[in-house]
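Notes for the one structure printed next.
Values below: all heavy atoms of this structure, side chains included; hydrogens, waters and symmetry mates excluded. These numbers were taken from a predicted model, which means no experiment stands behind them.
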Amino acid sequence: MEKDSDKPTPAGDSSTSRAGMRFASKETSAIGCGFSNFTSFRAEKQDFAKLAMPQYLRSAMLDAIRKQDVNGGDQHFQMPRPDDDPCCETPLVVFINPKSGGRNGPVLKERLQQLISEEQVFDLQDVKPHEFVRYGLACLEKWAENGDSCAKETRTNIRIVVAGGDGTVGWVLGCLGELHTKGRLPVPPVAIIPLGTGNDLSRSFGWGGSFPFSWKSAIKRTLQRATTGPICHLDSWHVVVQMPGGQVVDPPHSLKATEECGVDQTLKIEGQVPDKVNFYEGVFYNYFSIGMDAQVAYGFHNFRNEKPYLAQGPVSNKIIYSGYSCSQGWFLTPCMSDPTLRGLNNILSIHIKRVNCPDWEPITVPESVRAIVALNLRSYGSGRNPWGNLKPEYLEKRGFVEANADDGLLEIFGLKQGWHASFVMVELISAKHIAQASSIRLELRGGEWKDAFLQMDGEPWKQPMSRDYSTIVEIMRVPFQSVMISGQGQ
């Protein structure tokens, strides 16, 4: 009797057998691929394990934030803790603006949560920076004082990553400034994932002008640099705006109404002062400007708010912005008779304090200048350097020093008509150098002008002008510096 194995195989059976082998091969390959991905993911998690706080700490911090109560996470410190949940070496907290970065914001958030932990990656729509400072960090500080060594080590070593544009970075830095004023040191240093349009803060500290398209691999390099990068510092500048009472103004988010501020009374105001005045205050990190550049920005922002579907990314934003530069009077000034398109010297007077000098000094506003910028960084308008890289002989001749983000000085320069501004922005020429100052006082009076346009760090507003009464803008350096992480040389 023949054995089944010895029987000749019909053609159809042979085909079935080969098909079965191919299916089995694909199934094995799929299983292998899935195992490989799983193994790769576990390896990534192990690589970034040093960034994740122990479970009880991050749960306590998150509960304190959600309840807006420093004591909101106390129960997590009273539970038994597993032995395999050690204190981390370099804890990271990430703030991400999901509206930045086109469509990549939510996906980037998910990726960061996978690599670090869900509780350490905050969506700014859900958790605001001041809530983290007042409740999350305060929770760690409370238990550090109560003797929890891991809470103390985490609070000391914690670093922050901000994924967003310059406005988002400034928002987080401003909230961290509360730690300085209340003596809650050390202040966590900040790294940047650039998701905005200009990203000048990111460029200035070595994090680049945009996040690469291959961001899945780039994010791992960024996290590594955020944990090992050296610490550097950034000046910030306090702005007080005093305007006649009763004026209706729609200030940017960075300016808040206040009754606790005032301007320096030792410098006499040239115009009249009404009986009632309103005060606004804020902080900027990159620049403050007045004039045509702010008017262009104001038009662009209004357009983007009215038609957001036309401005959905950095490229489209820059095209629209360029269009507004051509349509708002930059290039047509010599042909126009409207006083609102003439030089700023018609409405503006400037006083400054130089470094280590207590006295105010008047500065002449050149007749040809149509925009004046006070710049803190060496990056403006998406990476341009309008102040220029000045030679030592010129610096000495003008009494200037080399510009840096932590030198306690603002570089004041002017832009003329649109052609001059265009050549400056492509760095064929430098802007018109006016002064370097440790404090600035601007006085605005209307005359024929009904409105002036101002902006801070890309947030523009329209400032009503009075023919009789002055509007005062005073800029002073904040007495403490923001703490940054350098992304260069890593």
Donor-acceptor under 3.5 Å (Tyr287 side chain, Gly458 main chain): yes
Under a 4.5 Å cut-off applied to non-hydrogen side-chain atoms, are Leu137 and Pro188 in contact? yes
Within a strict 4.5 Å, meaning less than it, do heavy atoms of the Val239 and Ile475 side chains meet? yes
Checking side-chain hydrogen bond (donor to acceptor under 3.5 Å, both in side chains) for the pair Tyr380/Asp293: CA distance, chi angles, key distance, verdict? CA-CA 12 Å; Tyr380 167 84; Asp293 73 319; 3.1 Å; yes
Check: Leu234 and Gln481 side chains under 4.5 Å, non-hydrogen atoms: no
Any pair counted as ring-ring contact (aromatic ring centres under 6.0 Å, His included), so long as it reaches residues 179-198, sequence neighbours left out: His180-Phe480
Value rounded to 0.5 Å, distance of CD1 in Ile231 from CE in Met484: 10.0 Å
Under 3.5 Å, is there a donor-acceptor pair between the side chain of Gln265 and the main chain of Val263? yes
What are the two closest heavy atoms between Ser202 and Gly208, and how far apart are they? OG-O, 2.7 Å
Which of these passes side-chain contact (heavy atoms from CB on, under 4.5 Å) with Leu140: Thr156, Val70, Leu57? Leu57
Output all residues satisfying ring pair (Phe, Tyr, Trp, His ring centres under 6.0 Å) with Trp387, sequence neighbours left out; order by chain, then residue number. Phe400, His433
Flag the pair Met61 / Glu119 as yes when at least one side-chain heavy-atom distance between them is below 4.5 Å, and no otherwise. no
Step-by-step salt bridge (charged side-chain N to carboxylate O under 4.0 Å, His left out) determination, Lys109 to Asp123: CA-CA 8 Å; Lys109 170 188 166 184; Asp123 185 325; 3.4 Å; yes
Is a side-chain N or O of Arg159 found less than 3.5 angstrom from the main chain of Ile485, in a donor-acceptor match? no
pair Leu112-Leu223: side-chain heavy atoms closer than 4.5 Å: yes
Could you give the side-chain donor-acceptor pairs of residues 165-177 under 3.5 Å, partners two or more places apart or in another chain?
unit_1 : atom_1 : unit_2 : atom_2 : d
Asp166 : OD1    : Asp200 : N      : 3.3
Asp166 : OD1    : Leu201 : N      : 3.1
Asp166 : OD2    : Asp200 : N      : 2.8
Thr168 : OG1    : Asn97  : ND2    : 3.2

Trp207 side chain reached by Ile193 side chain, heavy atoms, under 4.5 Å: no
Which heavy-atom pair separates Gln242 from Val277 by the least distance, and what is that distance? CG-CB, 4.0 Å
Determine whether Leu108 and Leu195 make a side-chain contact, defined as any pair of heavy atoms from C-beta on separated by less than 4.5 Å. yes
How long is the straight-line distance from OG of Ser236 back to CG of Asn286, given to the nearest 0.5 Å? 12.5 Å
From His351 atom NE2 to Glu474 atom CD, the distance as rounded to the nearest 0.5 Å: 11.5 Å
Please report the shortest heavy-atom distance between Asp451 and Pro464, naming the atom on each side. OD1-CA, 3.6 Å
Rounded to the nearest 0.5 angstrom, the OG-CG distance for Ser204 and Asn404 is 10.5 Å
Assess whether atom CD of Glu396 is packed by more than 12 heavy atoms of other residues, nucleotides or ligands within 6.0 Å. no
Compare all side-chain heavy atoms of Phe205 with those of Cys232 and state whether any distance is below 4.5 angstrom. yes
Does Thr258 reach the main-chain N or O of Tyr280 with its side chain, forming a donor-acceptor pair under 3.5 Å? no
So how far is it from Ile65 CD1 to Lys128 NZ, rounded to the nearest 0.5 Å? 12.0 Å
How close do Asn376 and Tyr285 get, heavy atom to heavy atom, and via which atoms? ND2-O, 2.8 Å
Over 12 foreign heavy atoms within 6.0 Å of CD, Glu259: no
Between Ser486 (side chain only) and Gln488 (backbone N and O only), is there a donor and an acceptor less than 3.5 Å apart? yes
Hey, mind stepping through Trp461 and Glu459 against side-chain hydrogen bond (donor to acceptor under 3.5 Å, both in side chains) and telling me if it holds? CA-CA 7 Å; Trp461 77 95; Glu459 288 192 87; over 6 Å; no
Quick check: does any side chain N or O of Arg155 sit under 3.5 Å from a backbone N or O of Pro186, one acting as donor and the other as acceptor? yes
What distance do Met292 atom CE and Lys416 atom NZ have between them, rounded to the nearest 0.5 Å? 16.0 Å
Examine distances only and state if a side-chain atom of Gln120 and a backbone atom of Leu51 form a donor-acceptor pair shorter than 3.5 Å. yes
